[in-house]
Amino acid sequence: MTQQEFNTVGQSVRRIDSYDKISGRAVYSVDVVVPGMAYAKLVPSPLPHALIKSIDASKARALPGVYAVLTAAELVNMETHYGSDKKDRPIVAMNKVRFQGEPVAAVAAVDLATAEAAAELVEVEYEALSAASDLTSALLPDAEPIHDSNYCHEYGYEWGDVDAAFAGCDRIFEDTFLFPMVYHYAMEPHTCVVSYEHDRIRTWTSAQHPFLVRAELARIFGMQLDQVQVVVPYVGGGYGSKSYTKIEPLVAALSREAGRPVRLAQSVEESMKTVRRHAARATIRTGVMNDGTFVARECLSYVDTGGYTDNGVRVTERISDRIVGPYIFDNVRVKSYGIYTNSTPAGSFRSIGGPQASWACESQTDIIAEALGIDPIQLRLKNLAKKGDEVRRGKRPLEGDLAPKLQMVLDKFGWDNYVREDPSPTVKRGIGFACNVTNSGASPTSTSLVRFHADGSSTVYIGTTEIGQGSRSVMAQIAAEELRIPLASIKVIGSDTDAVPYDRSTGSSRSTTLMGLAVHDAAVDVREQLLEIAAKHFETFADQIEAADGKATFKGESMTFGALVREMFGGSGGELMGRGYVTQNHASGRLTQDPVFWEVSIGAAEVEVDEDTGTVKLLRYVSASDPGKAINPKQVEGQDEGAAMQAIGHSMFEEMLFEDGQFLNPNLVDYRVPTFEDLPGEFETVLIEFGDGPGPYGSKGVGEGGIVCVAPAIANAIFNATGVRLRELPLTPERVWRAIEKSKQ
Amino acid sequence: MVQINQKITVAFNVNGGDVEIDVTPETALVDMLRDGLLLKGAKRSCDMQVCGACTVLVDGLPVSACTVPAFEVRGKSVTTIEGVAADDRMAGLTDAFIDNAAIQCGFCTPGMVLAAKSLLDRNPHPSEDEIKDYMRGNICRCTGYKKIVEAIQEAAQKAVQG
């Protein structure tokens with residue numbers, strides 16, 4: 001199909017949730033009111049690491065208006081722990097607390113003021129343990145173990161003869177890079193309402209993965225999947241913070257205890273004590289030849305997963321998967337460890353392990369280029385993986401050549417013709433570049449149902465959560481395209497596990513590719529049924545009939561799709577149903593190998609550095625988004641711009657600070673996120689549409705790429721401007737100034 | 001139950017209509033609007049006057065409803081997103097947000113639109129820098145801001161042409 005033949009695919013149509021959201025009518029979890037619901041308040045641990053000696057909730061329970069207090073003692077006749085890979089998280093702390101802010105108890109009361117007052121009355125006696133709230137202290141041999149040990153997970157892989165290869169290299173570079181703990185700040189804090197009933201659990205929650213929450217609740221309370229309903233209203237931002245299961249088991253247990261529906265709406269501070277991104281320390285050793293040929297790479301990474309595993313297993317793996325970069329090495333040895341610390345548990349955050357890995361490997365690429373006297377772009381091009389290369393051995397070969405994609409960004413940036421103009425001898429400008437490919441963690445398990453009504457309109461059922469990415473609009477565009485009906489005739493129903501068929505999750509940039517295929521297939525299924533009915537009606541073969549504009553046409557004679565449905569049922573009603581199943585054995589044959597696709601990330605930055613103050617101004621940033629085919633181009637740009645802006649935050653100033661295990665800046669005043677004033681002077685996204693993805697129309701995922709390369713591109717630009725190399729984020733004025741001062745000595 | 005007996009009656013105008021409602025002294029404006037009047041468009045997020053999700057207009061000026069006591073709007077006019085959405089004269093602004101893909105998760109959108117309305121009421125032709133400066137009290141974590149700036153520019157442009 002050529003581009004001209006599309007009706008709605010490829011157009012920046014209005015989001016179908018636009019009016020809901022612009023009018024304030026969109027319902028989020030914070031807006032949900034269930035009749036009879038109680039209000040919950042958590043009792044957080046003030047200590048980062050301690051044994052719980054006793055809990056006395058009697059005064060809290062005695063307060064009029066209190067329905068229940070949940071402590072570990074109430075976690076009976078149920079599973080007590082949960083977690084996506086390791087079920088190490090107790091629903092409320094049991095025997096021990098592992099980070100400051102961990103819920104030790106929770107109160108349900110008639111109103112929030114009463115719940116808050118009762119929470120203050122819960123008396124907990126602790127025996128403090130020494131706390132380790134960063135990698136260095138948690139890895140000390142005499143560190144107090146947070147779980148059985150402070151090692152959560154280890155991962156690694158190797159190919160070639162690494163030691164021999166290093167021995168034969170002209171030069172070997174070794175550098176260590178630090179990446180801070182950062183917080184997503186989805187503007188809607190985690191919020192959940194649960195009604196625990198005698199044979200049923202009903203849940204309204206701000207979850208990205210409702211079907212995984214359903215499975216977790218069913219397991220914990222010994223119910224079947226059909227007994228657990230998870231409804232996800234609109235979600236006020238996700239970025240990974242609402243992945244897997246978070247507060248739902250606690251609220252469900254509290255509802256069971258209170259005998260009524262319970263609502264927990266967390267504060268921003270409570271959500272900052274619920275999940276964050278993994279801090280990382282990554283050391284890379286790279287052996288090269290003097291002509292710039294990359295020969296061998298060895299990496300050792302530690303990621304800080306906090307008090308509990310959350311997504312620490314996958315992040316430990318992904319940093320290693322992503323740290324080799326988009327380059328061909330014949331010899332690689334990679335190792336990573338996930339480490340427990342006494343801090344907020346770390347989970348998914350837009351490109352898990354990706355920014356940490358790219359910060360290290362793409363900073364080092366420029367270090368190598370400088371040392372060898374080779375242009376950093378030429379060094380990259382010399383070693384870049386090509387189409388069909390196994391950029392990670394045993395994994396899916398690269399779908400497309402990277403070099404032309406890099407060139408598109410360089411051209412847009414004006415890299416080759418860049419003329420540096422320093423405003424003054426101490427205010428200097430420079431440019432920097434970075435690129436990577438990341439293995440999407442998308443599991444190919446999605447299903448969709450398309451109902452086609454007797455008036456020619458259609459309802460599309462998807463389990464994809466609308467977290468702002470525009471999935472409902474894109475799915476509607478795909479359905480409209482394949483059903484050959486107008487976009488206005490499509491309604492999309494999402495994220496109610498009682499109503500919509502299974503989807504594994506909303507994350508890893510997976511939805512357009514995988515749910516998109518499911519919706520595509522379900523719509524094609526309906527279209528084929530319509531053509532069969534039409535073939536009968538016109539007494540011909542299905543392939544002789546043209547389906548377009550809501551009509552089936554044969555030899556100049558037309559019948560609307562609605563009329564075909566009515567004819568089949570012989571009356572005024574009836575409907576058709578189409579189904580789409582996406583498994584790794586999907587008929588396209590493109591989902592069998594891991595990863596489902598490689599997400600491309602490319603960025604170029606120009607900075608201005610004031611050497612007297614250390615202030616860095618981001619003058620320009622050009623990013624790339626490689627959707628294969630942009631089904632809704634403006635939404636694709638929006639994903640990329642949003643991701644890049646989040647990365648500007650973690651590059652320049654965002655950092656969660658802990659001292660002796662105490663979280664020092666758990667609020668939006670002391671933890672600053674980007675505002676309008678942090679917009680780069682020029683901020684562009686290059687759309688790359690080579691049709692090389694496995695999704696509908698050659699599409700693939702783009703939600704994460706924009707966040708991956710910003711930090712190394714900026715640091716490389718700072719080096720270009722000042723000759724000073726920074727290896728630790730964020731690039732605060734103080735840190736930059738100190739590095740400049742040190743370089744003068 | 002925690003009893004707060006002191007009640008204050010707040011009579012004010014919201015979105016063009018007069019209302020009267022009893023609140024307690026410590027009730028925040030955002031709670032009176034959301035829980036008392038079921039105007040759910042204003043969202044609570046940072047709770048410390050930083051993020052702008054709870055922005056509403058009081059006598060035409062943007063305030064953070066999370067930190068304004070409800071009783072302070074006695075005798076004043078409050079505009080919420082529900083009022084903007086119902087006002088045909090505001091279609092230029094809301095359409096510009098929609099057409100420029102300046103909305104993603106939508107949680108910041110009501111506050112963002114009200115802040116933008118206040119800006120354009122005061123300065124119908126803002127420069128890009130003036131937009132960034134005026135809007136800096138409204139955080140959006142999804143869009144990266146660029147498309148919101150473009151939306152406000154388009155709304156200003158269309159108002160000139162219109």
Side-chain angles (χ1 to χ4, degrees), chain A residues 12 14-15 17-28 30-31 63-65 109-111 113-114 116-117 184-189 234-239 265 267-268 466-470 632 634-635 637-638 640-646 667-669 673-679 683, chain B residues 1-4 24 26 34-35 38-53 80-86 93-95 97-110 113 128-129 131-149:
Chain A
S12 297
R14 287 179 157 205
R15 295 176 65 107
D17 53 9
S18 294
Y19 187 73
D20 278 356
K21 288 178 174 176
I22 201 88
S23 64
R25 296 166 76 131
V27 173
Y28 298 80
V30 292
D31 303 319
L63 190 72
V110 63
D111 56 30
T114 305
E116 284 171 349
H184 315 68
Y185 184 44
M187 292 188 71
E188 178 190 33
Y234 284 122
V235 177
Y239 330 113
S267 65
V268 167
E466 178 54 70
I467 53 174
Q469 80 283 47
N632 187 315
K634 275 194 185 168
Q635 285 190 189
E637 288 171 7
D640 195 60
E641 290 163 8
M645 184 55 87
Q646 284 182 329
N667 61 69
L668 262 285
V669 169
V673 299
T675 70
F676 277 92
E677 292 188 312
D678 298 301
L679 259 174
F683 191 37
Chain B
M1 208 186 313
V2 176
Q3 295 287 354
I4 298 160
T24 57
E26 78 290 343
R34 286 178 54 84
D35 301 337
L38 302 181
L39 296 167
K40 302 268 191 182
K43 299 298 186 210
R44 186 188 277 281
S45 181
C46 77
D47 229 1
M48 52 203 314
Q49 221 173 329
V50 174
C51 75
T80 71
I81 192 65
E82 289 84 357
V84 171
L93 180 60
T94 53
D95 282 354
F97 266 72
I98 294 170
D99 291 334
N100 285 278
I103 305 168
Q104 285 190 30
C105 86
F107 206 75
C108 75
T109 303
V113 170
E128 188 176 328
D129 283 343
I131 293 172
K132 290 181 190 174
D133 180 56
Y134 195 88
M135 299 296 293
R136 71 184 189 281
N138 288 74
I139 290 171
C140 170
R141 205 50 172 153
C142 291
T143 64
Y145 301 111
K146 184 183 174 192
K147 294 197 182 320
I148 299 176
V149 173

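Residue numbers start from 1 in every chain, and the chains themselves are labelled A, B, ... in the order their sequence lines are given, proteins ahead of strands.
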(request) With a 4.5 Å cut-off on heavy-atom pairs, point out which of His184(A), Gln635(A), Glu641(A) contacts chain B the most. (result) Glu641(A)
(message) Can you tell me which of Val30(A), Asp31(A), Leu668(A), Asn667(A) forms the most heavy-atom pairs within a distance under 4.5 Å of chain B?
(response) Asp31(A)
(request) State whether Arg14(A) and Asp95(B) are salt-bridged, where the test is any N-O pair (Lys NZ or Arg NE/NH1/NH2 against Asp/Glu carboxylate O) under 4.0 Å. (result) yes
(request) Under 4.5 Å heavy-atom distance to chain A, tell me which part of Lys40(B) shows up: side chain, backbone, both or neither. (result) both
(request) Taking all non-hydrogen atoms of both residues into account, name the closest pair between Tyr145(B) and Ile139(B) and its distance. (result) OH-CA, 3.5 Å
(message) At a 4.5 Å cut-off on heavy atoms, which part of Ala26(A) comes close to chain B: side chain, backbone, both, or neither?
(response) backbone
(message) Under 4.0 Å between a side-chain nitrogen and a carboxylate oxygen: does that hold for Glu466(A) and Arg15(A)?
(response) yes
(request) Under 4.5 Å heavy-atom distance to chain A, tell me which part of Asp99(B) shows up: side chain, backbone, both or neither. (result) both
(request) Could you tell me whether the side chain of Lys21(A) and the main chain of Cys105(B) form a donor-acceptor pair under 3.5 Å? (result) yes
(message) With a 4.5 Å cut-off on side-chain heavy atoms, are Phe107(B) and Cys142(B) touching?
(response) no
(request) Look at Lys147(B) together with Glu637(A) and state whether they make a salt bridge at an N to O cut-off of under 4.0 Å. (result) yes
(request) Using non-hydrogen atoms and a 4.5 Å limit, figure out which bit of Thr143(B) sits close to chain A: side chain, backbone, both or neither. (result) backbone
(request) Under 4.5 Å heavy-atom distance to chain B, tell me which part of Ile467(A) shows up: side chain, backbone, both or neither. (result) backbone
(request) Below 4.5 Å from any heavy atom of chain B, which atoms of Tyr234(A) appear? Answer side chain, backbone, both or neither. (result) neither
(message) Counting only non-hydrogen atoms closer than 4.5 Å, does Asp35(B) touch chain A with its backbone (N, CA, C, O), its side chain (CB onward), both, or neither?
(response) neither
(message) Are the side chains of Phe97(B) and Ser18(A) in contact, using a 4.5 Å heavy-atom criterion?
(response) no
(request) Against chain A, work out which of Gly106(B), Gly137(B), Ala85(B) has the most heavy-atom pairs shorter than 4.5 Å and name it. (result) Gly106(B)
(message) Suppose we screen for salt bridge (Lys or Arg N to Asp or Glu O under 4.0 Å). Which residues come up paired with Glu128(B), at least two apart in sequence or across chains?
(response) Lys132(B)
(message) Does any backbone or side-chain atom of Val113(B) lie under 4.5 Å from a heavy atom of chain A? Answer side chain, backbone, both or neither.
(response) side chain
(message) Only pairs of heavy atoms separated by less than 4.5 Å count here; which of Arg141(B), Gln104(B), Met48(B), Gln49(B) has the most with chain A?
(response) Arg141(B)
(message) For chain B, which candidate among Met645(A), Met187(A), Glu116(A) shows the most heavy-atom pairs at distances under 4.5 Å?
(response) Met187(A)
(request) Look only at the side chain of Asp111(A) and the backbone of Thr114(A), and say whether a donor-acceptor pair between them is shorter than 3.5 Å. (result) yes
